[in-house]
Amino acid sequence: MAELKIFNSLTRQKEIFTPLTPGYIGMYVCGPTVYSDVHLGNCRTFISFDIIYRYLKYLGFKVRYVRNITDAGHLEGDRDEGDDKFSKKARLEQLEPMEIVQRYTLGFHKVMELFNNLPPTIEPTATGHISEQIEMIKHILSNGYAYIVDGTVYFDVEKYNKEKPYGILTNRKLEDLLEGTRELGGQDEKKGRLDFALWIKAKPEHLMQWPSPWGMGFPGWHIECSAMSGKYLGKEFDIHGGGMDLAATHHTNEIAQSQACFHVSPARYWIHTNMLTVNGARMSKSAGNGFLPGELFTGNHKLLEKAYSPMTVRFFMLQTHYRSTLDFSNEALQAAEKGLKRLWEAYEILDQIKLDTTEDNPNIIDPILDDKCKNLVAGFDEAMNDDFNTARVLANMFELVPIINSIKGGQIAPGSLRKDTLELMQKQLRIYLPGIFGLRDEKSNDSGILDGVIELLIQIRKDARNRKDFATSDKIRNELLIQGIALKDEKNGGTTWSLL
RNA sequence: GGUCCUGUGGCCGAGUGGCUAGGCAGAGCUCUGCAAAAGCUCGUACAGCGGUUCGAAUCCGCUCGGGACCUCCA
């Protein structure tokens, strides 16, 4: 197996990946906070990690993929007091907090399914792990890295920083961080401005609260990931991932918590995916420039010229490296839509080529072309091993497309490629397109009746063409086109059709 | 202010110090009753200015422009 290289945010360089236990990988990815619909920026992260997950499995690793659902404790404001997001939303909508959680969890799963993301192997919830979080906080307290103020437990960042570099993940010095922190005003019960809450005292009217050694309250945001990753993957595990926006606070605090509790940094490799942007600015909930998946699939959004399918969006994301920002535009999406169609059709053509059993004829084989194909296919793994470079894999695939089409169109003589080369191409494209890249056919499947009807029309049109009755034949083709069905006359006299 | 990232042909986007991805759009040609599709060919781009080097889009410096994080957000 060739070496897999991963860009590790912690060291800011590509490193050869070696798992803690040979053959096994523990991967934790920060999941959604289910108090509202996921937007496309969130989806990008989960699609990126879905491809990473699929590729790791392809490499033969047994992967435990943990992605949490945050359903408690995520504070609304930037101060560690006040309502959590669920209580606030619940009050607005006159619902139980768990109804909010249920609604948006289901919605999230639906969207993940539409994008053809595999489910993680474990999807733990914060509310399901309150006791684990309390246990961890107790440890951090007894280790001396936290303090209690009136029922709320804070992490002592400055004390921690005396022993371990707090800003290690984003390469920041504590002094710089302190300098950069804005005065937030209000009475602050924290000792240090960077201190964050592990456990928050609940007011009586709080809808979500649990008993703890420090009284009724709810957990801080960061502790859930530390507690759950620790529980399912161990104190130290292989990969921790999430969006880049989480690195500076959430992941920084996770590292501090794990160090303060277990004296070990939780993950050996940190993978951060970059942001999806709209007109150059980050798509985010607070900026209000987010697209919801549903708006995209229906085209019902003021910035969208048309609807785009889930696979178009997935393909669109694959064309960019996960660590680059990706800008969202109609033009780029339309380019992706056409590119995907072309690629997928070539894939289907290739897949349908039957390999006959006769021996290769060395006189017909084109060794240069044959080598080119082999190298292009070999380049798939090579590109993926280089920090999951999906864009380069696609570039190689697109170089195969004209070759595949030429085999069908006759520009390349049959037998020009060795049979084992063709077989390799079929196998690897099957592994990569529906497999690792998770693309799937979006043509309607229940077209059994449609099939018959179209075939009939094609037959009628063929008769008309044979009579040179082009008025009729063109009418059939044009009318079908209006219905979204395109006819293509092939060189051999046959006609194929496809849904637009 | 601090920590970083980034600036590639009309658009989107990979990229290794020399072999100059790929997609979309555009032009021409082939095929075709016409069309679509497909095939072939074509635009020779790397913000600017210096420097290192035999050689840099790729390394270094400066300038200008964009963005992220430092405050809830994947």
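Letters A, B, ... are given to chains in the order of the sequence lines, protein chains preceding strands, and every chain is numbered from 1.
- Take A:K468 and apply the side-chain contact (heavy atoms from CB on, under 4.5 Å) test, not counting sequence neighbours, and it matches A:F470.
- Applying the ring-ring contact (aromatic ring centres under 6.0 Å, His included) definition to pairs two or more places apart or across chains, those involving residues 369-389 of chain A are A:F380-A:Y432.
- In this structure A:H272 satisfies the side chain to side chain donor-acceptor pair (under 3.5 Å) test together with A:S9, A:H251, sequence neighbours excluded.
- Scanning for side-chain contact (heavy atoms from CB on, under 4.5 Å) contacts around A:Q334 gives A:E305, A:K306, A:Y308, A:N330, with sequence neighbours left out.
- Ring planes of A:Y28 and A:F237: tilted class, angle from 30 to 60°.
- Not one side-chain nitrogen or oxygen of A:T325 sits closer than 4.0 Å to the OP1 or OP2 atom of B:rC5.
- Listed pair A:N405 / B:rG39 meets the phosphate criterion, a side-chain N or O lying under 4.0 Å from OP1 or OP2.
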field: Protein-to-nucleotide contact annotation, 5' to 3' order, nucleotides 22-28 of chain B [B base; S sugar-phosphate only; - none; under 4.0 Å, heavy atom]
entry: SSSS---
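- Applying the side chain to side chain donor-acceptor pair (under 3.5 Å) criterion to A:T273, with sequence neighbours excluded, gives A:T45.
- Contacts between residues 238-248 of chain A and RNA chain B, defined by a heavy-atom separation under 4.0 Å, are made by A:G242, A:G243, A:D245, A:L246, A:A248.
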Every protein N/O lying under 3.5 Å from an N/O of nucleotides 41-44 of chain B:
none

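- Proximity of the aromatic rings of A:H222 and A:F196 is defined here by a centroid distance below 6.0 angstrom, and this criterion is met.
- Between A:K14 and A:D387, the closest heavy-atom pair is CE-CB, 4.1 Å.
- Between the base of B:rC12 and the side chain of A:D327 there is no donor-acceptor pair shorter than 3.5 Å.
- Evaluation of the salt bridge (charged side-chain N to carboxylate O under 4.0 Å, His left out) test over residues 399-414 of chain A, restricted to residues two or more places apart or in two chains, returns A:K408-A:E490.
- Scanning for ring-ring contact (aromatic ring centres under 6.0 Å, His included) contacts around A:F7 gives an empty result, with sequence neighbours left out.
- A:F291 meets the ring-ring contact (aromatic ring centres under 6.0 Å, His included) test with A:H301, A:F328; sequence neighbours excluded.
- Using a 4.0 Å heavy-atom criterion, one finds that A:L333 contacts no nucleic acid atom at all.
- Shown for residues 111-124 of chain A: no residue has heavy atoms falling under 4.0 angstrom of RNA chain B.
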